[in-house]
Amino acid sequence: MDILRTIVMVLFVLICIALIVVIMMQESKTSGLSGTINGVADTYWGKNKGRSMEGKLVKATKVLAVLFFILALALNMNW
């Protein structure tokens, strides 16, 4: 059981590092003062956000966050 716990802990650390990297790669959601004055226009990239790099980063963040919580719960169980 110690080997399995060690493997899960190493996987947990790798997911933590990946989650930090993916979050830091995302663009800021705030548009600043210019967005409040001019309004936000729908662009091609805004409409197809799921297929863009930003959309993929958002999906990766969700998957990594779910894996983070599952592994955190698994590590806290008394094996």
Side-chain angles (χ1 to χ4, degrees):
M1 284 298 180
D2 289 333
I3 295 172
L4 182 62
R5 187 169 177 85
T6 304
I7 292 171
V8 172
M9 188 162 304
V10 168
L11 188 62
F12 183 71
V13 170
L14 292 175
I15 288 175
C16 289
I17 293 169
L19 189 60
I20 290 169
V21 170
V22 169
I23 289 173
M24 294 300 289
M25 287 177 60
Q26 292 181 10
E27 294 180 11
S28 176
K29 301 291 187 222
T30 60
S31 58
L33 186 59
S34 64
T36 58
I37 294 172
N38 296 334
V40 178
D42 279 337
T43 62
Y44 174 77
W45 299 111
K47 293 178 183 175
N48 295 316
K49 194 173 228 183
R51 293 184 222 155
S52 67
M53 182 65 164
E54 183 69 23
K56 291 176 185 174
L57 288 174
V58 170
K59 289 178 187 176
T61 303
K62 290 176 185 178
V63 169
L64 288 171
V66 168
L67 289 173
F68 174 83
F69 283 111
I70 290 172
L71 287 178
L73 290 173
L75 285 171
N76 283 316
M77 292 174 53
N78 292 328
W79 288 349

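Positions are given from 1 along the sequence. Side-chain atoms are counted along with the backbone in the values below, which use heavy atoms only and exclude waters and symmetry mates.
Follow the hydrophobic side-chain contacts under 4.5 Å out from Ile70 and you never reach Val8; the two are in separate clusters. Under the 4.5 Å side-chain heavy-atom criterion for ILVMFWY residues, a single connected hydrophobic cluster contains both Val63 and Phe69. The hydrophobic cluster containing Leu75 also contains Ile15, counting ILVMFWY residues as joined when their side-chain heavy atoms lie under 4.5 angstrom apart, directly or transitively. Hydrophobic clustering of Ile, Leu, Val, Met, Phe, Trp and Tyr side chains at less than 4.5 Å, counting indirect connections, unites Val22 with Met25. Follow the hydrophobic side-chain contacts under 4.5 Å out from Val21 and you reach Leu11 in the same cluster.
In this view, Ile23 and Leu19, Thr61 satisfy the side chain to side chain contact (heavy atoms under 4.5 Å, CB included) rule, not counting sequence neighbours.
Other residues sharing the hydrophobic cluster of Ile7, ordered by chain and number and joined by side-chain separations under 4.5 Å: Ile3. Annotation for Val58: hydrophobic cluster partners, listed by chain and number, are none (ILVMFWY side-chain heavy atoms under 4.5 Å, direct or chained).
The distance from atom CG of Leu73 to atom CZ of Phe68, rounded to the nearest 0.5 Å, is 10.0 Å. Between the CD atom of Gln26 and the CE atom of Met53 there is a distance of 10.5 Å, given to the nearest 0.5 Å. The structure places CG of Leu64 at 11.0 Å from CD1 of Ile20, a figure rounded to the nearest 0.5 Å.
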